[in-house]
Amino acid sequence: MGNKRLGYGWMRLPITNPYDKASVDVPRACELADDFLAHGFTYFDTAYMYHNYNSENVLREAVVSRYPRSAYTIADKMPLSDLTYPEEQEKVFEDQKKKCGVNFFDYYLLHNLNAANYETAKKYHTFEFLLGKKQEGQIGELGFSFHDHAEMLDQILTEHPEMEFVQLQINYLDWENEGVQSRKCYEVSRKHGKEIVIMEPCKGGSLAKIPPAAERILRAVHPDWSPASWAIRFAAGLPGVRMVLSGMSDEEQLADNMSFMESFEPLTEEEQKVLFQVRDIISESIAIPCTGCRYCVEGDKCPQNILIPNYFALYNQEMLDTNPSWSSEKEYYSNLLAQGFGKMEDCIKCGNCEAACPQHIEIRDWLEKASDFFDCEGEGRYVTGERRLRSDARK
Ligand code: SF4
Ligand code: SF4
């Protein structure tokens, strides 16, 4: 691993078709990778299902086939929620090596350990399988990404001390959030002496575009620091953090992140205080705490083909919208329905999506609420008033 703590999350790359996550703009991905590597950063984080199972291929095309193996490091993951029988692990692992074009992974993780996936890992002997791969020299360091409560993390780390690092969702908005338990999970990892890789430091982009009232407070302290840079600095400054992943989608985000991560300085105590002050403002204005991870829709989970993360993003945007007289989000929604995705009101409340959601979002309730606006003609039955209230609160 290079000594620079910014990792490239290879899951929000530029795409050529907004309705097809697999349609990565490969020439642009090459340019982004070139820029990243040219500045001395080396760490790429991919996974089997990112970009609709195309992220590993793009990593091969943009990085592996164009640079010597010593120029970069790769973290990949075993997709526990996709597995249907134990032998599939071998098949997936071989497929990942082929897709990435490598014969070993510098870092390899059990993907998204939570109570359900931990049971799968135990049933299929995933820990033993991956230790075997490490002993064969096909894996450098072994860890897991985690999306559950702190007690569960404590249990896993107690039962599997051989794990060398953990990947956690840590950001200043979720630091004290009881659903995500960022701080508690961080403390458990430190108690077990594990180094930490941080994912979602900007909470899926939510902390890059914050309400104007919150941004004004940050800009008053450092006019040239972007809101995203505050979020990444917070995460990267925590002791024991070896890497912060950012899913950079364009040249501007990449340049911004590299500008302060090249020679990183942690936030001061005073700066942290300011950040927690704006956290409270932001919490009030984000309706649904969805990160856009897409676990709720991967692998045909929704029998009604409801595009939950996209609809939630539209709803959140609608709530932040400062112009209540017109909704472009409704147009986006209509476009998605025209592509054949299910309406929010078609939800049959089976609960498949909620079982997969690492943020523990009450998806069915939120769909019902959002449907009141998106599935009816005109401005919606209630949303205009609510949105105005929210807009007023941010002034
Ligand atoms: S509860 Fe609704 S949105 Fe969730 S998977 Fe079932 S039908 Fe789809
Ligand atoms: S609803 Fe949950 S699982 Fe679905 S994209 Fe949002 S955070 Fe991820």
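The model shown is predicted, which means the values in this text are computed figures rather than measured ones. Remember, it's 1-based here, ligands and their atoms both numbered in the order they're listed. The residues of the chain are indexed from 1 along the displayed sequence.
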Check whether [Y] forms a cation-pi arrangement with [X] (NZ or CZ under 6.0 Å from the six-membered ring centre, at most 45° off the ring normal).
| X | Y | result |
| --- | --- | --- |
| K194 | F165 | no |
| R242 | Y43 | no |
| R233 | F264 | no |

I'd like to check which ligand 1 atoms, numbered from 1 as shown, lie under 4.0 Å from a non-hydrogen atom of [X].
| X | answer |
| --- | --- |
| Q304 | 7 (S) |
| K349 | 1 (S), 2 (Fe) |
| R364 | 1 (S) |

Compute the ring centroids of [X] and [Y], then answer whether they are less than 6.0 Å apart.
| X | Y | result |
| --- | --- | --- |
| Y72 | Y67 | no |
| F44 | Y107 | no |
| F341 | Y19 | no |
| H111 | F146 | no |
| F234 | W175 | yes |

Starting from [atom], what is the nearest protein heavy atom, named by residue and atom, and what distance separates them?
| atom | value |
| --- | --- |
| atom 2 (Fe) of ligand 1 | C347 SG, 2.4 Å |
| atom 1 (S) of ligand 1 | G351 N, 3.2 Å |
| atom 6 (Fe) of ligand 1 | C350 SG, 2.3 Å |
| atom 3 (S) of ligand 1 | L367 CD1, 3.5 Å |
| atom 8 (Fe) of ligand 1 | C302 SG, 2.4 Å |
| atom 7 (S) of ligand 1 | I348 N, 3.5 Å |

- prompt: What atoms of ligand 2 come closer than 4.0 angstrom to any heavy atom of P358?
  reply: 3 (S)

Atom CD of Q277: over 12 foreign heavy atoms under 6.0 Å: yes

field: D300, CG: over 12 other non-hydrogen atoms inside 6.0 angstrom
entry: no

message: One thing to verify: whether K349 and E368 come together as a salt bridge, which I'm taking to mean a side-chain N less than 4.0 angstrom from a carboxylate O.
response: yes

message: What count do you get for protein N, O or S atoms closer to atom 4 (Fe) of ligand 2 than 2.8 Å?
response: 1

